[in-house]
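This report concerns only the one structure given below.
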Amino acid sequence: MSETRRKLTTIFCADVQDYTRLMGTDEEGTLASLKRCREAMGRLIESHGGRVINTWGDGLIADFPSVVEAVRAAVDTQNELAGFNARRPADGRMLFRIGINLGDVIVEGDDIYGDGVNIAARLQASAAAGGIVISSSVYDQVRNKVAVGFEFLGPLMVKNVDEGVPSYAVKIGDGKDETPPAQRSGSARPQPQPAAVMAADMAEARPAPRGRRLYGVLAVIAAVLIGINLLSWQGVFWARFPVLALAVVAALAWNRDQALLNRKITSLAIVALGIAGINLFTWTGQFWAVWPMLGIAAAMGVRWSMRR
């Protein structure tokens with residue numbers, strides 16, 4: 001039997017607004033979108049030091065050793081998913097609700113239980129579509145450490161918890177409210193904004209892709225190197241190697257920001273293309289790059305077969 005113990009942790013709960021309606025409209029398309037969104041969410045959770053504990057239906061639960069990183073992961077998740085939804089029709093957008101709580105939980109194997117988890121789940125259920133709601137224990141830790149706004153929503157009543165849990169809505173980007181300013185007590189819950197309006201607001205608040213400036217800088221460097229090579233021409237086009245390296249860097253930066261493809265598999269493909277480019281630029285009649293590319297292809301296949 002697995003050992004049971006307790007720990008203080010940050011619990012992150014998420015689910016999809018109107019998931020039943022989406023499944024009723026297009027089962028296969030909804031499942032594909034859910035898988036893509038979960039992959040993006042899982043990647044962001046992992047990048048912020050968190051761990052996905054379980055998924056069920058349209059739900060996900062994770063925990064973080066850092067309260068600040070949990071909130072940052074939630075904000076990054078909603079920003080990235082806003083970009084994904086902006087390209088979809090209004091009635092087919094997949095909008096997640098996220099709740100975060102800091103609490104003491106029971107750990108049994110890889111699972112966690114207790115009031116700390118129940119509170120996080122209740123916060124998530126009370127969030128607006130595309131929104132984030134946190135408990136006061138989380139707010140006390142992050143209010144001066146995360147570049148977002150907060151709106152006090154009042155006490156949230158949770159089963160088996162005698163007193164209401166003070167809760168806050170996280171306001172992302174331009175500070176527009178994620179949740180209407182309703183006081184939550186008893187069974188009262190806020191009325192979420194329409195999905196189309198919420199997604200449009202979040203897309204407007206989303207900052208420009210981080211790679212955009214990098215692309216411009218890399219393009220200028222490549223142009224300067226080519227210019228130097230041509231102006232000091234001695235019969236050798238040496239600039240092809242640094243330009244190839246810059247192209248690989250640009251491709252990896254694009255891969256970091258895109259949400260359409262599996263990022264780890266795409267990174268391997270970019271590296272393989274870079275190796276092929278080196279082989280072609282140093283061509284001596286032998287395509288030696290076939291061997292490292294074969295190894296990378298095998299790694300890509302293993303990664304693909306182990307995907308969620």
Side-chain angles (χ1 to χ4, degrees), residues 6-17 41 44-45 48-54 56 59-79 95-107 111-173 175-193 198:
R6 303 192 73 98
K7 72 173 182 179
L8 182 68
T9 191
T10 309
I11 307 103
F12 175 114
C13 283
D15 81 347
V16 180
Q17 175 80 5
M41 190 179 299
L44 290 169
I45 288 171
H48 284 278
R51 172 180 68 104
V52 176
I53 295 174
N54 202 354
W56 67 96
L60 177 147
I61 184 169
D63 72 343
F64 290 78
S66 166
V67 187
V68 172
E69 292 302 322
V71 174
R72 286 175 176 167
V75 172
D76 286 350
T77 293
Q78 295 295 31
N79 280 335
L95 300 172
F96 278 79
R97 303 174 298 185
I98 298 176
I100 304 176
N101 179 47
L102 172 64
D104 192 83
V105 300
I106 299 172
V107 181
D111 291 325
I112 58 176
Y113 307 89
D115 288 341
V117 178
N118 296 336
I119 291 172
R122 182 70 176 90
L123 292 167
Q124 164 258 303
S126 300
I132 306 166
V133 173
I134 63 176
S135 64
S136 59
S137 59
V138 173
Y139 172 78
D140 291 340
Q141 298 295 321
V142 305
R143 58 183 176 179
N144 296 320
K145 299 174 184 176
V146 182
V148 294
F150 303 94
E151 180 190 355
F152 182 59
L153 300 173
L156 175 68
M157 301 308 297
V158 180
K159 185 178 180 181
N160 298 327
V161 178
D162 294 336
E163 298 182 358
V165 178
S167 57
Y168 294 79
V170 178
K171 299 189 290 184
I172 305 173
K176 293 181 181 180
D177 294 347
E178 296 289 341
T179 306
Q183 294 293 318
R184 302 183 185 180
S185 60
S187 60
R189 68 179 289 166
Q191 297 300 316
Q193 297 180 29
M198 194 66 187

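Residue numbers start at 1 and run along the sequence shown.
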Mind listing the closest non-hydrogen atom pair of [X] and [Y] along with its distance?
| X | Y | answer |
| --- | --- | --- |
| Cys13 | Ala121 | SG-N, 3.9 Å |
| Val71 | Ile100 | CA-CD1, 3.9 Å |
| Ile45 | Ala62 | CD1-CB, 3.9 Å |
| Ala128 | Arg97 | O-CG, 3.4 Å |
| Val148 | Lys171 | CB-O, 3.5 Å |

For a side-chain contact (heavy atoms from CB on, under 4.5 Å) with Val170, tell me which candidate from Ile132, Val138, Val146, Val142 qualifies.
-> Ile132
Sole candidate of Leu153, Ile119, Ile134 that passes side-chain contact (heavy atoms from CB on, under 4.5 Å) when paired with Ser167 | Leu153
Can you find a pair of side-chain heavy atoms, one from [X] and one from [Y], that are under 4.5 Å apart?
| X | Y | value |
| --- | --- | --- |
| Leu95 | Val16 | no |
| Lys7 | Asp63 | yes |
| Gln124 | Ile98 | no |
| Phe12 | Glu69 | no |
| Leu156 | Val133 | no |
| Asn118 | Arg122 | no |
| Gln141 | Val68 | no |
| Thr10 | Asn101 | no |

Take His48 and Phe64 through the side-chain contact (heavy atoms from CB on, under 4.5 Å) test and state the conclusion after the steps.
-> CA-CA 8 Å; His48 284 278; Phe64 290 78; 4.0 Å; yes
Hey, mind stepping through Leu123 and Ser135 against side-chain contact (heavy atoms from CB on, under 4.5 Å) and telling me if it holds?
-> CA-CA 7 Å; Leu123 292 167; Ser135 64; 3.8 Å; yes
Please assess Asn54 against Val52 for the test side-chain contact (heavy atoms from CB on, under 4.5 Å), listing each intermediate value before the final yes or no.
-> CA-CA 6 Å; Asn54 202 354; Val52 176; over 6 Å; no
Start with the C-alpha gap between Ile112 and Ile106, add the side-chain angles, then the distance that decides, and say whether side-chain contact (heavy atoms from CB on, under 4.5 Å) holds.
-> CA-CA 5 Å; Ile112 58 176; Ile106 299 172; over 6 Å; no
Taking the inter-plane angle between the rings of Tyr139 and Phe150 on a 0 to 90° scale, is it parallel (under 30°), tilted (30 to 60°) or perpendicular (over 60°)?
-> perpendicular
Report yes or no: does Gln78 contribute a side-chain atom to a donor-acceptor pair with the main-chain N or O of Gly131 at less than 3.5 Å?
-> yes
